[in-house]
Q: 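Just passing along the structure, written as C-alpha cells.
Numbered from 1 within each chain, the chains take letters A, B, ... in sequence-line order. Just the heavy atoms: all of them, side chains too, but no hydrogens, waters or symmetry mates, feed the values below. Computed from a prediction, not measured in an experiment: that's the story for all the values here.
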Number of protein chains: 2
Amino acid sequence: MELDERKCKILQAVIRNYLETGEPVGSRTISKYTDLNLSSATIRNEMSDLEEMGYIIQPHTSAGRIPSDKGYRFYVDTMLEEKEREVDELKGLLTQKDEKMDTLLKRVARVLAANTNYAAMITAPQYRGNKLKFIQLSRVDARQLLAVIVVEGNVIKNTILNVDEMLDDETLLKLNILLNTHLNGLSIEEINLAMISALKQQAGIHSSIVGEVIDAVAEAIKSDEDLKIYTSGANNILKYPELTDNREKASELINVFEEKQTLTELVSENLADENGTGIQVYIGNEMPVQSMKDCSVVTATYELGEGMRGTIGIIGPKRMDYDKVVGTLKTLMNQLDTLYHKEE
Amino acid sequence: MELDERKCKILQAVIRNYLETGEPVGSRTISKYTDLNLSSATIRNEMSDLEEMGYIIQPHTSAGRIPSDKGYRFYVDTMLEEKEREVDELKGLLTQKDEKMDTLLKRVARVLAANTNYAAMITAPQYRGNKLKFIQLSRVDARQLLAVIVVEGNVIKNTILNVDEMLDDETLLKLNILLNTHLNGLSIEEINLAMISALKQQAGIHSSIVGEVIDAVAEAIKSDEDLKIYTSGANNILKYPELTDNREKASELINVFEEKQTLTELVSENLADENGTGIQVYIGNEMPVQSMKDCSVVTATYELGEGMRGTIGIIGPKRMDYDKVVGTLKTLMNQLDTLYHKEE
DNA sequence: TGTTAGCACTCGAATGAAACGAGTGCTAAT
DNA sequence: ATTAGCACTCGTTTCATTCGAGTGCTAACA
C-alpha cells in the first residue's frame, strides 16, 4: 500500500493531536481538525489503512488511535516543521562566561527543563584528543607529592602521590623539567609505552615516580570529568501519566536520573555515531535501555571549540513535542556557538 | 490527664504497628498485639484518651488511629530501643580509603539507601577552621597563572588567574616563597586585612597579584565543596503511598532530591545546633521545609578528625523505622570513626 | 469508483446502589 | 475498673447499569 499525501496528512493530524492531548484520537476529531473536508467515515477507512501499515495503533477495540513507534519515527524524520524558538532565558544565561563550568551546566539543564517541561541532561564537555599544557610536581609533605596537570582548555586535574623515597628540591625541579619538556603538547593517545620507558630511563633512580605520574595523568584525564552528567527536571517525568502509571516504572525512571550511569551509556553511544545536524532522536524501543522504553530522548552535540564537545539531551514521553524540543535545542546550540566564537 | 504506663504501652503498640503496616490500627489489633490482656473495649477507652491528649489521630470516624507528630516525637524521644545493627556492606566499603572522596561518599549514600529502603544523603566533610598547607603559583600561559592551594586533609583547590603583567620565572619564585612563608599553617579566619596589606607591600609592584591570589584562596576554600550533597535512593520515596498520593507531592519531593538546595539548608541548620549524640530527628512539620512535611529526617554528624565534619541523613515517611535507622547510622558513625583512627 | 450517511456493535469509563467490614462510642452487666 | 454487646459510622469493594466515543460494515450516492 502507498503512503499518499492524504494519508500523510491524516497521520500527521493524528500525531499532532495526540501530542497535545495524550488521548487516543478518533476519526471525527480528525475530520474537523484538518482542512481536508472529509467525513469521519472516510477518515476511518484511511486510519484503518494506516493501522494496517503499522503507523498507528488502537489501544482497544473501541478507542481512537495513537501513534506507534514507527509513526513517531516517520513524523520526526519527515514532518517536523521547526518553528523558530526563542529561549530568552538562555541569552542572559550564557553571557557571564567566567562562571564555573559546573554551575553553568547545571543552570543550562535547569533552564532547558523549565522551558520544555521535560527532563534535561547535559554532559560536561569532553576533551578528547586534547593536549597536555602543563605538568607540575610539588612536594606537599614528607611523603606526598602533588601532581597538577593542566590540559588544553584550562581543565585542571590533580592527584596526590604517595612516594617512598625522599626527593630534594633539586631533583624535583629536574623531574618537572623532564616531564614538561617531553610531555607538553602531547595528547594522551600520543603517550605510548616507548615514550614512557625513555622517560623512565632519563629519570634514573626516580623512574618509579615517573611511572606513577604518567599513570596519574592518564587516570586524571580519562576519569571523572567525562562521566559527569548534570540533570534537571526529573520530576517533570511524573507529570506524564503514561510514564508513571505504576510505581515500578516511575521508580525505575527516577532511578535513571539519580544513578546517572544509564544516561552516560546513552550519551556515549550517541557520541559514537553522529549524523549531520548533531541532533538525534531515540523513540521508545529504539532506546538501548529497557527502563526507558516508554520515553523518547532528543540529544544534541554541542561544541565549544578546541575539540571540547558535550551532549545535551531532553528526556520525555514518546508524545513529546518534538518540534519544540528540536527547536529549543537548535537555538541553544547556536547560542553556545556564537558565545564561543565571540569570546575567542 | 496522666500518661501512665499502660497508656505508654498502648501508644507504643499503636506506633509500632503503624510503622509496620502503614494502616490505621484499631483497638482489637492492639488487644491481641500486646501482652496486657485487655479487651478491645478497654483499649478503646484508652485510645480515646490518647487521642484527646493529642498523641494519636483518627483519620475518619470509623477508622483506627495513626500517630500524630506529637506521638512520633514521644516515641522517638523515649521509646526507641536500639537494636544493635550490623551493616555488613559498610565494613568492606570503608576499608579502601585511597578512593576519591567523591566515589566514597556516593557509595556510602547508596549503601545506606539500599539498606534502609529510604532515601539517603551525605555531605562532603567541611574543613572549617582548617589550615593552609601549601600554595603554588605556576605560569601556564603568557597571561595565565595557575594557583594551586592545598588545605590540611589534602583537599586541593585550583583556579586560573588572568594577569595583565608578564612575570618572569624569578619573580614567580619569589612570589611563591612569599606566599608560602606567610600563609602556610594559617586558617582562613586568620588571614585578615592587616596581613594582606603587609603582603602586598612586600610584593611591591606585583601587589595586585597577591590580592588576587588571596581572593582565590578565600573563594576556593569556602565555595563549592561545602554545598556538595550526594544523595541516593530518591526513588525509594515513591514506595510510600502516603508521600506520593498525588502527583504534586511526589514531584515536589523528587525535586528536593534533584535540586539539593533544600537539603543543604536542612543540613546547615542541623550543623548549627547540636545535641549530645550527634543524631537528630525531624518529624513532619518540625521540618523547616514545607514540601517535606509528610516526611521524617534522621541526621547524624560524622567526623573524620582534623575538624573534618559532615552530615549524613536518612529521609523517609513519618512512619519510618526509627529504630533501624538510628541503629544503622550509629553503626556507620562508629565505623567511620574506627576507620579514621586506624589510618591515623 | 471514491465518498458518505446510517446503524449495529464494542468496550472502557462513569455512575450509583448495595453489601461489607473494620472500627468506634456508649451502655449495662460483671 | 473491666468487659460484653450492640447500634452506628463510613470508607471500600462489588456489581450492574448506563453512557458515549469510537469502530467497521453496508448500502446509497455523486
Q: Expressed in angstrom and rounded to an integer, what is the separation of A:I57 atom CD1 from D:dG22 atom C1'?
A: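 Going from CD1 in A:I57 over to C1' in D:dG22 covers 17 Å.
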Q: Grab the CG-P distance between A:D4 and C:dG2 for me, whole Å please.
A: 11 Å
Q: Are side-chain N/O atoms of A:E258 and B:T231 paired as donor and acceptor at under 3.5 Å?
A: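 The answer is yes; a qualifying pair exists.
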Q: Is there a side-chain polar atom (N or O) of A:R65 under 4.0 Å from OP1 or OP2 of D:dG24?
A: yes
Q: Between A:Y75 and A:Y55, is the gap from one ring center to the other below 6.0 Å?
A: no
Q: Specify the separation, in whole Å, of atom CD of B:E2 and atom P of D:dA1.
A: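 Going from B:E2 (CD) to D:dA1 (P), I get 15 Å.
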Q: Taking all non-hydrogen atoms of both residues, which atom of A:Y18 and which atom of A:E23 are closest, and how far apart?
A: CD1-O, 3.1 Å
Q: Inspect the surroundings of CD in A:E248 and state if more than 12 heavy atoms from other residues, nucleotides or ligands are less than 6.0 Å away.
A: no
Q: Between atom CD1 in A:I66 and atom P in C:dG12, what is the gap in whole Å?
A: 14 Å
Q: With a cut-off of less than 4.0 Å, is there a side-chain N or O of A:T61 near OP1 or OP2 of C:dC11?
A: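 Affirmative; the distance criterion is met.
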Q: Is there, by distance only and without an angle test, a donor paired with an acceptor across the side chain of B:S62 and the base of D:dT9 below 3.5 Å?
A: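 Flag set: donor-acceptor pair detected.
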Q: For the residue pair B:R44 / B:S27, report whether a side-chain donor-acceptor contact shorter than 3.5 Å exists.
A: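 A pair is found: one side chain offers a donor N or O, the other an acceptor, under 3.5 Å apart.
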Q: Please name the pair of heavy atoms, one in B:P67 and one in B:I56, separated by the smallest distance, quoted to 0.1 Å.
A: CA-CG2, 4.1 Å
Q: Under a 4.0 Å heavy-atom cut-off, which of residues 20-52 of chain B touch DNA chain C?
A: B:G26, B:S27, B:R44, B:M47
Q: How many whole angstroms separate atom NE2 of A:H60 from atom C1' of C:dT10?
A: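 For the pair A:H60 NE2 and C:dT10 C1', the rounded distance is 10 Å.
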Q: Between atom CD in A:Q58 and atom P in C:dT10, what is the gap in whole Å?
A: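 Taking CD of A:Q58 and P of C:dT10, I get 14 Å after rounding.
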